[in-house]
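Attaching a single structure in structure tokens format; questions to follow.
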Amino acid sequence: MTTFAGRETAAPTAASFIELDEQWSTHNYHPLPVVIAEAAGASVTDVEGRTYLDFLSGYSALNFGHRHPDLVAAAVEQLGRVTLTSRAFHHDQLGLFCRELAELTGTELVLPMNSGAEAVESAVKIARKWAHRVKGVPDGTAEIIVAGSNFHGRTTTIVSFSTDETARADFGPFTPGFVTVKYGDAAALRDAITPRTAAVLLEPVQGEAGVIVPPEGYFADVRAACDEHRVLLIADEIQSGLARTGTVLALDHEGVRADVYTLGKALGGGILPVSAVAGRRDVLGVLKPGEHGSTFGGNPLACAVGRAVVRLLNTGEFQQRATELGTHLHTRLNELVGRGLSEVRGRGLWAGIDIAPGGPSGRAASEALMARGVLCKETHERTLRVAPPLVITREELDRGIDAIAEVVRP
Ligand SMILES: *Cc1c(COP(=O)(O)O)cnc(C)c1O
């Protein structure tokens, strides 16, 4: 007998934990009814001892799988030294992390933050200051162009330019200074540029929107428009970056360089929140002491884990796995079009799959997959996002795809 929630019970069940969550945590998520207690690699185990394949990877925060030994070792080593200093003092991990991340991404200066939303907020502030102080846009009038169906996080400024009513309604008043154009339409974006435009903020692949890959040549056209009008290109690589699509940065597929990148999710190795803004020295260099900061941003533990993530990416192994397993994933998923799926999109080991009309809803499909030992989650009514950890084996991947095939079969 154990004491649980103040009562004497036998081993606690999944239902008892779900009841606790329901009672004590805000209801801003609608999770699947699984209660995870342990995880390793591409698998998780619930409190009742059932094992599942993780086909979501914490929205790509777990690109290297659960508890990758090199990442855990780096964290444990740093836990034995120093974990937090505040930025009031220097520490021996910050400069190394920033240099190694800059070298990996081909950038010149790094601003470490914690969550992805903070990285995006920071990039917005940097772009505005750059416009006002360097480009010569009158103070307080800088505009940033964003795309419809974007996802950049949940702060009040970021939801100000969301086109998702659920994310936005009731949270105003909103931050002005954002202009929305259709994703994938370079001509519309070019038309939206004014003398006040500071930056264009785009996801190289729109993850939350359903893994939307832009049309060929889109980013090259966007880059050209930005160059012509002295506008910064900010690529939000928080979900698309760090090997998910087969390259360090998803924008690498387009042969285009951004001026500023936001990184997050997998940068923390699935261990702790680590995000960063990385980009041109003359852009990030506009920030001066006192103008921006974060108590936890760039802490020694985060930097040590981030450095271990960069080391993994420097081997190229994960990019190669994403490419090879991704080809297999897309080949097999495309065979399901007309057999329960209406469309498959994506790049690397990352897919958005639309369930054909008449099939189960995304939620029902996720529940049916769970019953078959595969954890996946809908992003929209009829769309599932498939993003297994890059450490998954081909056999495990096939097992998950077999389950998807069964669940969507008409
Ligand atoms: C998840 C995500 C964010 C926000 O990251 P958080 O860590 O949840 O704040 C921002 N941009 C993109 C593209 C994302 O996928």
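The shown structure was predicted, so the numbers you read here are calculated from the model rather than taken from an experiment. Note that ligands are numbered from 1 as they come in the structure, with each ligand's atoms numbered from 1 the same way.
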Report summary line: atom 4 (C) of ligand 1 has as its nearest protein heavy atom A117 N, 3.7 Å
Requested in this report: Measure the distance from atom 5 (O) of ligand 1 to every protein heavy atom, then report the residue, atom name and distance (to 0.1 Å) of the closest one.
Outcome: G116 CA, 3.3 Å
**Report entry** Pair D236, T262: side-chain N/O donor-acceptor within cut-off below 3.5 Å
**Finding:** yes
Requested in this report: Flag atom 8 (O) of ligand 1 as yes if some protein heavy-atom distance to it falls below 4.0 Å, otherwise no.
Outcome: no
Query raised in the report: Are the ring centres of F161 and F174 closer than 6.0 Å?
Result: no
Requested in this report: Just need the protein heavy atom nearest to atom 2 (C) of ligand 1, so name the residue and atom and give the distance.
Outcome: K265 NZ, 2.5 Å
Query raised in the report: What part of Y59 sits under 4.0 Å from ligand 1 if we count only heavy atoms: the side chain, the backbone, both or neither?
Result: neither
Query raised in the report: Using 30° and 60° as the class limits, which term best fits the ring planes of F64 and F318: parallel, tilted or perpendicular?
Result: perpendicular
Query raised in the report: Does any donor atom in the side chain of E19 or S16 lie under 3.5 Å from an acceptor atom in the other side chain?
Result: no
Query - Ligand-side contact atoms (ligand 1) for residue partner D236, heavy atom cut-off under 4.0 Å - result: 10 (C), 11 (N), 12 (C), 13 (C)
Query raised in the report: So does R385 pair up with E378, basic N to acidic O under 4.0 Å?
Result: no
Query raised in the report: Is E203 close to ligand 1, meaning an N/O of one under 3.5 Å from an N/O of the other?
Result: no
Report task. Could you verify whether a donor N or O on one side chain and an acceptor N or O on the other, from D354 and H380, lie under 3.5 Å apart? Result -> no
